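Input: a single structure, listed below in structure tokens.
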Amino acid sequence: MKTIFSPDQLLHAPTKEISDGKLVPANEIPSRAEIVLEHIKKAQFGEVLAPNDFSLDPILKVHDADYVTFLLDFWQLWLAEGRTEEEVFPFVWPVHGLRHDIVPDQIDGKLGFYSFDAGTPMGAHTWTAARKSAETALTGADLLLSGDNSAFALCRPPGHHAHRRLYGGYCFLNNAAIAAQHLRDQGVGKVTIFDVDYHHGNGTQAIFYDRADVQFLSIHADPKVEFPYYLGHANERGLKEGAGYNHNYPLPHGTSWVEWAEAMEDACRSIEKFAPDVIIVSLGMDLYEKDPISKFKLKTDDFSRIGARIARLGKPTLFVMEGGYAVGDLGTNCTKALSGYLDTVTVGS
Ligand code: SP5
Ligand code: ZN
């Protein structure tokens, strides 16, 4: 299994975030990717490749042009307005009853218009890093198209919270969605996105909610008590042609392997029924018992079990990294998931 990564993904390097109403040290930091890379190299799963260059087209298939322009231009606008802070947060949003049809000219108005939380800092190099992260996922998709059975896109910043036209939850471009759409555009018939991150993949769900060609399944902490709070309930099943192709498994705080695995079995049955040509796994490691922002109780060895179960689905699989903030154990947990997968496909084939 090849891994894709670019050091440019480290350029987005926030030091603080707003969480639970406080300014706290940032969780989504460059060392997350560095430690995973170090462990991947040691595990010798295969080559580590730089992402290929892509035009903006595959990103624009998923994200609206005005949103991409905002991400691209935002630092220039920030400086042009004489602002000097290096880490930028929104603080006002067009929620219920306010206008969504006019994009403000002023930068604070734009930041709120294109975001859904105050917990996602932006800086001078956020666009560069986010674009590379998306290209890392796209390159992984291309590896599957050229015949590899699996690949690991070491994406960072993560992607699954980003909507077509919204950033949030540390995410700017929806890497998994961009890879899925690219596979469809290159002739792959049906794609499943299986999101195991602790948080609901609200962005991915929203992007494919009315489509039958991309199935979305997410196992996550119940949004009644956990971020992102406003999406991820079990009764969100898809709309129009997409009806029946969206599956959410909200689970309570304190969930450990047995209950989590039960949800995964149900999800795997739905995946088998859908019979995708390719599976994309939104691989969050924040289910881990020691994750600093999460409240599930999965252990390091449980990640091997997740990887092994995914291998038994028997489809070409692209792993796309999402969350996971227990940085000290992140490399171990990630390689466990991938070796669990690799050991099982080898045995099976
Ligand atoms: C990709 C991803 O995992 N994004 C997660 C974004 C979560 N941001 C909100 C975090 C709120 C944390 N509250 C719990 C703090 C416990 N001290
Ligand atoms: Zn997460």
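Every number for a ligand or one of its atoms is a count from 1 in the order of the listing. Being a predicted model, the structure only gives us computed values, none of them experimental. Note: hydrogens, waters and symmetry copies are ignored here, and every other heavy atom, side chains too, is used.
Neither the backbone nor the side chain of Asn27 has a heavy atom within less than 4.0 Å of ligand 1. The residue Tyr198 has no part lying near ligand 1, judged by heavy-atom distances below 4.0 Å. Of the heavy atoms in Asp117, none comes closer than 4.0 Å to ligand 1. Of the heavy atoms in Glu28, none comes closer than 4.0 Å to ligand 1.
The aromatic rings of His247 and Tyr249 lie parallel to each other, with less than 30° between the two planes, well short of the 60° mark.
His199 contributes atom ND1 as its closest N/O/S atom to the Zn ion (ligand 2). Of all N, O or S atoms in Asp286, the one lying closest to the Zn ion (ligand 2) is OD2.
Residue Asp286 has at least one N or O atom closer than 3.5 Å to an N or O atom of ligand 1. For Gly169, a nitrogen or oxygen atom sits less than 3.5 Å from a nitrogen or oxygen atom of ligand 1, counting backbone and side chain alike. For ligand 1, the polar-atom distance check against Lys295 finds no nitrogen or oxygen pair separated by under 3.5 Å. The shortest N or O to N or O distance between Glu322 and ligand 1 is not under 3.5 Å. For the pair His161 and ligand 1, the shortest N or O to N or O distance falls below 3.5 Å.
Using a 4.0 Å cut-off between a side-chain N of Lys or Arg and a carboxylate O of Asp or Glu, Arg83 and Asp108 qualify as a salt bridge.
Residue contact annotation: Asp197 places an N/O/S atom under 2.8 Å from the Zn ion (ligand 2). With 2.8 Å as the limit, His220 does not count as an N, O or S neighbour of the Zn ion (ligand 2).
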